[in-house]
Structure formats: structure tokens, C-alpha cells
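Worksheet: one structure, shown below.
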Number of protein chains: 2
Amino acid sequence: MSLMNDNIVLAIVDDHPIVIEGLKTLLKEEPQIAIAGSFTRGKDFMDFLQHNRVDLVLLDIMLPDTSGMDLCRDIKKLSPDTVVLALSNHTERSIILQILQNGASGYLVKNVSSTELLNCLKEALKGEIAFSKEVKEIITRPAQHEFKQVPTLTKREKQILQLVSQGKTTPVMAQELNVSPLTIETHRRNLLQKFDVKNVAELIMAAVQHKMITGY
Amino acid sequence: MSLMNDNIVLAIVDDHPIVIEGLKTLLKEEPQIAIAGSFTRGKDFMDFLQHNRVDLVLLDIMLPDTSGMDLCRDIKKLSPDTVVLALSNHTERSIILQILQNGASGYLVKNVSSTELLNCLKEALKGEIAFSKEVKEIITRPAQHEFKQVPTLTKREKQILQLVSQGKTTPVMAQELNVSPLTIETHRRNLLQKFDVKNVAELIMAAVQHKMITGY
DNA sequence: TTTTATCTACTGGTTTCCCGGTATTTTTGA
DNA sequence: TCAAAAATACCGGGAAACCAGTAGATAAAA
């Protein structure tokens, strides 16, 4: 963790140039903060991080190439001392908690004020978990269906889930993936178990609610 | 419509301070553009518009107080010559078309580059409809499910659909509704037919896409 | 009042799903 | 390199879903 009297090296990862510009402008006021760079793609930032010190990352969790979730985990793996602050417009509790699970030190919705932003930065750098005002409310007021935590699926399971949501039957999927229908059945069974549901109807609903299938 | 050699008076309505800051920074480069003000609430802007000339508004259609849709219509009613450019992250065709219907001269997703932004501003001021690149693609490539019209369900069918989405099986539903399971089967069959799908998985997906079951 | 839509119910049959186990191989992480 | 996780595969059996067709009862609209 960087000391507060030291210069803080900050990076921005966001696919919105406007947002990057806004953050830069707001943070330029702070003499302690040095903006090392801004990136519109996760991969570019990872390349940068390989060769440069970064104390804090403002990370949009909705990126075009990688999922911000995965990126967050990758960042903490490569550079555990880098503090990640998630920045997003998502106001769903499950998503917020998920990103924290993946190593982020806080979560800000994009409508934060500049003072709020700076406060959160400081808190995060002190090693605390930082939330913007709106996020705090979301955290403390959970919805019913959010009590069950989001099951973590394997790659294959995600794939099967996707295919099931497209109406594909077990034999069809087996043929498409070149595996035994019995294997598919096992995956299905595990999906039902993980989501704690009895049948596909419930499965799809649960997956939709957790935004694990988009449908478009 | 303001002349191009004249100074352009621009306003920003967005509840994200970061975005406002970013837009200001990007537009500060342009000497022709004078930023009259920025607003985080629709009402504030309407008050401003009452007493000031505004040539162009960059309007976030997702605002906390008013719907951006309504605000757009209000703006055009009060000041028909003011060009409204919608600014949003929504990528649904229906929403884009709806805002145009309400008098906007264009639609930009927030991940536009600065050059794209300026181009769109100029186009809009010339009286043309301006879209950012991504939006153009959305307009020209409508999603599959937008073609098939929403099937009209009978009262009973809606009820069955709801129960199916809750994971209820045919015999369970039959008991709950005090009818023969064979009757339920018929309703199910009709639902599959109306939605033009093969099984429950597809049925639920279709229903969700058409927002016919909420699940919450 | 007569048509039309909806809800109801049946026969008989095929396919798919779901449940309970178990177990080998491959991949991955510590 | 060793253990855990994931992907693969099997058995047997019961339940539920889906298909194709028909049809009476009732309620609403023309």
C-alpha cells in the first residue's frame, strides 16, 4: 500500500472516453495523484501493469473485451498491492458483491460527485472498503431473491446453461458438443443443484435474475 | 437553428458529474462552442431554458427525477429550435426510436470518442439526424425477437405462464387451479404455439424478453 | 342470436427431463 | 507432485413434458 504522503499512481480503465476525460479533469486538481494512464480495453491495461507500478485503478466493470470481474481478479493476481475501485452504473446488489468477491476494494456508481469520488479514493488507499452513497444503500437493503448467493458455474456449465436457454434438448446438445448425452445430463443436474431449483423453468428464471444469460 | 459561424450555446443535462466534466473538457477545445451550463436534474434545466437561449442540449435520457423522454418533449415544446442530442448507455432499439419520436435529433452511446462526439454535434446543428457508430449498427440490425410481435395471451394462459415460470409442474398447477392436468397440458401447448417455441426453456426466455414475466 | 373465443377435457403415444447413485479421466491449483 | 475441481460417462427407473388430434361447455362479442 502506498503511503499517503507519497505520490499516488492511478490508472483508469473505462471504455467511455467521456468518463475518462471527466475523471482526469476531476483528479487533476489533486496534486498527490498522478495519472499514469487511461485504457479503454482491459488487455491494454494488463500489458501496462506488467511493467509499471500502479497504486490504484478505477475500473469500469462493463468492458467490451473482458468482463470487468475477470479483469479485477487478474489485476489482483498480478499485482496484489494495487487497489481496485470498481466504477459502474449497475445498481444490483449481486453484482456489487461479486466484484468485491473478486478483489475490488470498493464500488462507485458513476453519478458520484467529485468530493465523494475523492473521499472514496482516500478511503480505499487507506485499506478500507469504499462505497459511494447510493451503493451503501443498496448494500444495506437487499432484495428477496438476492439472499441466495449466485452460484459459481464452470465454463462448461455456463455453456450448457446458454444452450438450454436456447431451447436445445439434451440429445441435441450432446451432438453439438460431441459428448455423450449422459454427460450433458450430468451437467444439467449440477446446474439445477447449484441454482437450487427443480426444473428448467426455474433454472432459466434464476439465471435471468442473476443476469447469467442475456438472451440477445 | 443557429448559424455555424455563430457561437453555439450548449447545455448538458446528465446526473453523472463525471460525464459532465468529461464533456466539458472535450468541448472546451472547440472555440465555437460555449457551454452555457450543466444540470443534474431535468427541472433545473427547464428553469434555465425559460430565460436563456440554448442551441443544443446533450441530454442523458436516464435521469433521476424526470424521464429523459418526457424532458425531451418538454424542451422541444418550450423551445422548438433547440436541438436535443440524446446521450445514453441504452442499446435497445425500441428506446432509441422512442426518444427520436419525442423530438431528439440524434442518439449517442456514452462510449463515443471525442471526434465522433464533435462530428455528431455538427451534424445535428446542421439539422441532420446524428447517430454514433454503434447506434447506427443497432438501428440497421434489429434483433430477431423484435420482429415477432408479442403474442396475446388469454387470462388463463397468463396465469399458467406465471406458474410455469415459478417451476410449478402440470399436476401441481392442476391441483392448485382445480382443473384436470389434461387441461393444463392444453394451455401449455397453446403457450408454446403462441410463442412459437419448442419447450419451457425457450418459453421462459421469450416471455422474459417480452417482459411478460418479471420474476421479482 | 349466432358466431367466436376461451376454457375445459380426453386418447394414445413419444421424447425429454429429473433423480439416485457411481466412477474414470483430465485439468488445474497449491 | 499431489490433491482438488471439472469434465466425462454410465445404469436404471419414474415423472413430466411434448405431440397430434378431437371435442363439449361456457362465455363474450357481433
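What you are looking at is a predicted structure, and each value in this text was computed from that prediction instead of being measured. The sequence lines fix the lettering, A, B, ..., with proteins before strands; numbering per chain opens at 1.
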request  = Please report, rounded to the nearest Å, how far the C1' atom of D:dG21 is from the CG atom of B:L182.
outcome  = 14 Å

inquiry  = Does a side-chain N or O of A:T186 approach OP1 or OP2 of D:dC10 to a distance below 4.0 Å, or not?
reply    = no

query = Does A:K110 come within less than 4.0 Å of B:D15, counting only side-chain N to carboxylate O?
reply = no

key: Length of the line joining B:L192:CG and C:dT15:P, which is rounded to integer Å   = 18 Å

query = In terms of side-chain heavy atoms of A:V179, which of D:dA9, C:dC10, C:dC7 is nearest?
reply = D:dA9

ask   = Side chains of A:N111 and A:E134: is there a donor and an acceptor less than 3.5 Å apart?
value = yes

query = Within this structure, what is the CG-to-C1' distance between B:N190 and C:dC7, rounded to whole angstrom?
reply = 10 Å

query = Should the pair A:E176-A:K168 be classified as a salt bridge under the 4.0 Å nitrogen-to-oxygen rule?
reply = yes

task = Mind calculating the distance between CD1 (A:I184) and P (C:dT16) to the nearest angstrom?
result = 13 Å

message = Here's a test of your reading of the structure: between A:R188 and B:R189, which maps to the more 5' nucleotide of DNA chain C?
response = B:R189

key: For atom CG of B:N199 and atom C1' of C:dC17, their distance in whole Å   = 11 Å

First encountered from the 5' end of DNA chain C, between B:K155 and A:T170 = B:K155

request  = Return the value, rounded to whole Å, for the distance between atom CD of B:E185 and atom P of D:dG21.
outcome  = 17 Å

ask   = According to a strict under-4.0 Å criterion, is A:H187 in side-chain N/O contact with OP1 or OP2 of D:dA7?
value = no

ask   = For C:dC7, does OP1 or OP2 lie under 4.0 Å from any side-chain N or O of B:T183?
value = no

inquiry  = One thing to verify: whether B:D74 and B:K76 come together as a salt bridge, which I'm taking to mean a side-chain N less than 4.0 angstrom from a carboxylate O.
reply    = no

key: Separation of D:dA5 P from A:L153 CG (nearest whole Å)   = 16 Å

query = Side chains of B:Y107 and B:S132: donor-acceptor distance under 3.5 Å anywhere?
reply = no

inquiry  = Could you tell me how far apart B:M173 (CE) and C:dC7 (P) are, to the nearest whole angstrom?
reply    = 15 Å

